[in-house]
Amino acid sequence: MAFLATTAKIPCVLIVDDSPAIRSMIRTMLQGDYTTLEAGNGQQALDLALGQRKPDLILLDVVMPGMDGYATLERLQASALTADIPVIFLTAKHSEEDEKRGLALGAVDYIAKPICPSLLLARVHNHLMLKGARDFLQSQNSYLESEVRRRTAELTEVQKATIMAMASLAETRDSDTGNHLHRTQYYVLALAKHL
């Protein structure tokens with residue numbers, strides 16, 4: 001929890017399951033370490049994921065009335081606003097093919113029911129840590145890209161000023177310094193190569 005503790009907010013987990021009893025059980029497992037949101041179907045999950053309190057992670061059942069978990073994940077992945085939210089399938093549908101399909105759609109993990117509390121807590125913690133690290137790296141990359149752009153612009157301005165200074169030197173030559181223009185060309189060439 002060290003990395004998570006450094007963030008300003010307690011991570012929020014969206015629990016999506018059509019069974020109120022399972023949602024309650026998961027909420028109880030997560031309470032104390034995480035805040036939770038709950039949805040009983042895929043459409044409610046999409047609405048909550050796009051709401052004011054964006055979840056940091058989604059625990060998603062596959063078998064639900066209406067929109068199943070796979071369709072819900074596809075819709076989450078299709079939106080730029082929710083595509084970065086890690087999704088863990090938490091389902092009784094746990095054949096190898098089901099798991100492959102879920103992971104191929106973009107889920108970060110696949111946990112079979114019945115739920116082992118320590119396993120669930122460990123995986124939630126690990127995926128939130130990974131998301132925190134990924135978000136931090138994206139933030140750093142954005143900062144570094146803006147710094148490179150800023151410093152490149154500064155260097156361009158210095159280069160322009162240097163060229164103007166050299167051009168002014170070339171214009172001020174007189175007849176007593178006939179070779180001055182040639183010397184200036186060599187200096188400009190050396191400076192340009194150095195820059």
Side-chain angles (χ1 to χ4, degrees), residues 1 3-139 141-142:
M1 274 309 253
F3 187 83
L4 294 175
T6 63
T7 60
K9 63 179 181 136
I10 296 173
C12 179
V13 178
L14 172 57
I15 304 163
V16 186
D17 198 298
D18 59 327
S19 166
I22 291 181
R23 289 196 312 266
S24 176
M25 179 181 66
I26 295 169
R27 181 181 63 247
T28 302
M29 287 180 207
L30 297 175
Q31 78 183 23
D33 293 325
Y34 309 103
T35 60
T36 57
L37 298 171
E38 296 181 30
N41 60 53
Q43 187 57 55
Q44 287 177 357
L46 293 171
D47 294 342
L48 286 170
L50 291 167
Q52 286 185 335
R53 177 64 164 113
K54 183 177 175 182
D56 297 295
L57 183 131
I58 299 173
L59 297 173
L60 180 60
D61 189 13
V62 172
V63 181
M64 293 183 292
M67 187 186 320
D68 71 3
Y70 296 134
T72 303
L73 178 57
E74 286 176 327
R75 298 264 306 269
L76 288 165
Q77 293 287 317
S79 170
L81 299 173
T82 56
D84 65 332
I85 303 172
V87 173
I88 299 175
F89 276 118
L90 189 59
T91 182
K93 194 171 181 171
H94 54 79
S95 73
E96 186 177 329
E97 289 305 312
D98 295 325
E99 190 170 341
K100 279 185 191 176
R101 181 178 178 197
L103 295 173
L105 287 172
V108 296
D109 211 337
Y110 203 98
I111 302 173
K113 292 178 184 174
I115 302 165
C116 171
S118 60
L119 175 69
L120 175 66
L121 290 172
R123 290 191 180 178
V124 166
H125 172 77
N126 288 344
H127 286 294
L128 285 170
M129 292 285 287
L130 287 171
K131 181 183 186 309
R134 185 183 69 227
D135 292 348
F136 176 76
L137 287 174
Q138 285 177 334
S139 170
N141 285 343
S142 297

Task: Leu105 side chain reached by Gln77 side chain, heavy atoms, under 4.5 Å - done: no
Task: Geometric class of the Phe89/Tyr70 ring pair [parallel <30°, tilted 30-60°, perpendicular >60°] - done: perpendicular
Open item on the list: Any side-chain to backbone donor/acceptor pair from Thr28 onto Ser24? Under 3.5 Å, distance only.
Closed with: yes
Task: Carboxylate-amine/guanidinium contact Asp84 Lys54, below 4.0 Å - done: yes
TODO: Taking the side chain as every heavy atom from C-beta outward, state whether Leu120 and Leu59 have any pair of such atoms under 4.5 Å apart.
DONE: yes
Open item on the list: For a 4.5 angstrom cut-off between non-hydrogen side-chain atoms, does Pro55 reach Leu48?
Closed with: no
TODO: Could you tell me whether the side chain of Asp33 reaches within less than 4.5 Å of the side chain of His125, counting heavy atoms only?
DONE: no
Open item on the list: Can you tell me how far apart CG (Leu81) and CG (Leu46) are? Round to the nearest 0.5 Å.
Closed with: 11.5 Å
- [ ] State, yes or no, whether a side-chain contact exists between Val62 and Asp98 at a heavy-atom distance under 4.5 Å.
- [x] no
Task: Distance-minimising heavy-atom pair for His94 and Ala112 - done: CB-CB, 3.5 Å
Task: Min side-chain heavy-atom separation Met64-Gln43 under 4.5 Å - done: no
- [ ] For residues Val16 and Asp61, determine if any side-chain heavy atom of one lies less than 4.5 Å from a side-chain heavy atom of the other.
- [x] no
Task: Heavy-atom closest pair, residues Leu73 and Ala107 - done: CD2-N, 3.5 Å
TODO: Measure the shortest side-chain to side-chain distance between Arg123 and Ile111 over non-hydrogen atoms and say whether it is less than 4.5 angstrom.
DONE: yes
Open item on the list: Looking at every heavy atom in both Asn41 and Pro65, which two are closest together, and how far apart are they?
Closed with: CB-O, 4.4 Å
Open item on the list: Could you measure the distance from the OH atom of Tyr110 to the CZ atom of Arg101? Nearest 0.5 Å is fine.
Closed with: 9.0 Å
TODO: Take Asp17 and Thr91 through the test side-chain contact (heavy atoms from CB on, under 4.5 Å) and record every step on the way to the result.
DONE: CA-CA 9 Å; Asp17 198 298; Thr91 182; over 6 Å; no
Task: Thr72 to Gly42 - nearest heavy-atom pair and separation - done: OG1-CA, 3.2 Å
Open item on the list: The criterion is salt bridge (charged side-chain N to carboxylate O under 4.0 Å, His left out); which residues satisfy it with Arg23, sequence neighbours excluded?
Closed with: Glu38
Task: Closest approach of Ile58 to Leu76 (non-hydrogen atoms, all atoms of both residues) - done: CD1-CD1, 3.8 Å
Task: Value rounded to 0.5 Å, distance of OG1 in Thr36 from CD1 in Ile26 - done: 10.0 Å
Open item on the list: Test side-chain contact (heavy atoms from CB on, under 4.5 Å) on Lys131 and His127; report intermediate values, then the result.
Closed with: CA-CA 6 Å; Lys131 181 183 186 309; His127 286 294; over 6 Å; no
Open item on the list: Can you give me the closest heavy-atom contact between Lys113 and Leu90, atom names plus distance?
Closed with: CE-O, 3.3 Å
TODO: Can you measure from CG (Leu130) to CG (Asp109) and round to the nearest 0.5 angstrom?
DONE: 10.0 Å
TODO: Could you tell me the separation between the CG atom of Leu128 and the CG atom of Asp56, rounded to the nearest 0.5 Å?
DONE: 6.0 Å
- [ ] Can you measure from CD (Gln31) to CE (Met29) and round to the nearest 0.5 angstrom?
- [x] 11.0 Å
